[in-house]
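Since we're looking at a predicted model, the values are computed, not measured. Each chain gets a letter, A, B and so on, in the order the sequences are listed, and its residues count up from 1.
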Protein chains: 2
Amino acid sequence: MGRNTRQRTAIRRAFEHAGRPLRPRECLELARGEVPDLGIATVYRNVNALVDAGWLRVVELPGTPDRYETAGRNHHHHFHCRRCDGVYEVETCPGGFAAMAPTGYRVEDHDLILYGVCRSCVG
Amino acid sequence: MGRNTRQRTAIRRAFEHAGRPLRPRECLELARGEVPDLGIATVYRNVNALVDAGWLRVVELPGTPDRYETAGRNHHHHFHCRRCDGVYEVETCPGGFAAMAPTGYRVEDHDLILYGVCRSCVG
DNA sequence: CCTTTGATGAGAACCGATTATCGTTAAAGC
DNA sequence: GCTTTAACGATAATCGGTTCTCATCAAAGG
């Protein structure tokens, strides 16, 4: 998928190092540690390219713009911190949601989001 | 909360009759059955007023603009149809989500969204 | 029925997020 | 190194959703 620029490397590293879903703006700030004059347009361009390439996955949460996380991991959910607005991975999933829908509905998938205060904000 | 206009009545009836969360545009189309030249600005004005008055509740779902549903009902979740984009209420909730978060995280609330095909789309 | 004034409708303005433009920069192959 | 051209950075443009503006309309009380 094209050239290996310093920028793309820094963007990839930002996601790998963060270990949680990032918004383009968050990714920009993290990646600027490596490439100080990185532009937001480049982040959008690369994030889209990395999604197309299957390296990133879109994380949609209620009431906020899209976040992105590295792809290829197991089924999981997310915790959304009300204090810092950060999103973290939650590895467990109770499952068994298909039975919840009214009869006649075909359940194909589900999303589960926990809200509260993350460890660093609880302090 | 102000005057009882034909418009506000039609908007309220749209939510009551629909029995599911509506987007402003959906509400507009339904309420136009009663007030044909209803304007979208009036829908937004009244929806906001009804939310402030506690008569409507905001329903935020991933990847789509806000929907609204009549307030004061029990804890429940939603089913999002991939075919018609409609959202329906799901009355059951397994509960016990607080234990899912990593240690140190304080869970205060949760959202659960089922995705698939609704009864009318399954046909 | 008349008056007052809050509500409405149409469309302009706004908003934050994302995408497109375009001159410049720097990977990558020779 | 030199050349080619994909990628970059800055910023303008766009986008869908929502709010604002203002002249007009119609609730509600007298």
Please examine the side chains of A:I113 and A:Y115, heavy atoms only from C-beta on, and report whether any two atoms are closer than 4.5 Å.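 Counting from C-beta outward, A:Y115 and A:I113 do come under 4.5 Å.
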Do A:R82 and B:R106 have side-chain heavy atoms sitting under 4.5 Å apart? no
Mind calculating the distance between [atom1] ([X]) and [atom2] ([N]) to the nearest angstrom?
{"X": "B:L50", "N": "C:dA7", "atom1": "CG", "atom2": "C1'", "answer": "13 Å"}
{"X": "B:E26", "N": "D:dG16", "atom1": "CD", "atom2": "P", "answer": "17 Å"}
{"X": "A:L38", "N": "D:dA7", "atom1": "CG", "atom2": "P", "answer": "15 Å"}
{"X": "B:N46", "N": "D:dC20", "atom1": "CG", "atom2": "P", "answer": "15 Å"}

Indicate for each nucleotide in nucleotides 24-30 of chain C, in 5' to 3' sequence, whether protein heavy atoms under 4.0 Å reach the base (B), only the sugar-phosphate (S), or nothing (-). --BBS--
Determine, for nucleotides 15-20 of chain C in 5'-to-3' order, which nucleotides have protein heavy atoms under 4.0 Å from the base (write B), from only the sugar-phosphate (write S), or from neither (write -). --SSBB
Determine whether the side chains of [X] and [Y] contain a donor N or O and an acceptor N or O closer than 3.5 Å.
{"X": "A:E34", "Y": "A:H17", "answer": "no"}
{"X": "B:T5", "Y": "B:R8", "answer": "no"}
{"X": "A:E91", "Y": "A:H75", "answer": "no"}

Give the ring-plane orientation class for B:F79 versus B:Y88, where under 30° counts as parallel, over 60° as perpendicular and anything between as tilted.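 Tilted: the ring planes of B:F79 and B:Y88 meet at 30° to 60°.
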Just to be sure I understand the geometry, which residues of residues 11-19 of chain A put a non-hydrogen atom under 4.0 Å away from DNA chain D?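 Of all residues in residues 11-19 of chain A, none places a heavy atom under 4.0 Å from DNA chain D.
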State which residue, out of B:D85, B:L28, B:V43, B:D66, fulfils the side chain to side chain contact (heavy atoms under 4.5 Å, CB included) condition with B:R23.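 For B:R23, the side chain to side chain contact (heavy atoms under 4.5 Å, CB included) test succeeds with only one of B:D85, B:L28, B:V43, B:D66, which is B:D85.
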Do A:Y105 and A:L112 sit in one hydrophobic cluster, given that two such residues count as connected whenever their side-chain heavy atoms are within less than 4.5 Å of each other, even indirectly?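 The answer is yes; both residues are in one hydrophobic cluster.
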Just by distance, do the side chain of B:R57 and the backbone of B:T70 share a donor-acceptor pair under 3.5 Å? no
Pairwise distance SG(A:C27) to CZ(A:R12) - rounded to 0.5 angstrom: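 Between A:C27 SG and A:R12 CZ, I get 11.5 Å after rounding to 0.5 Å.
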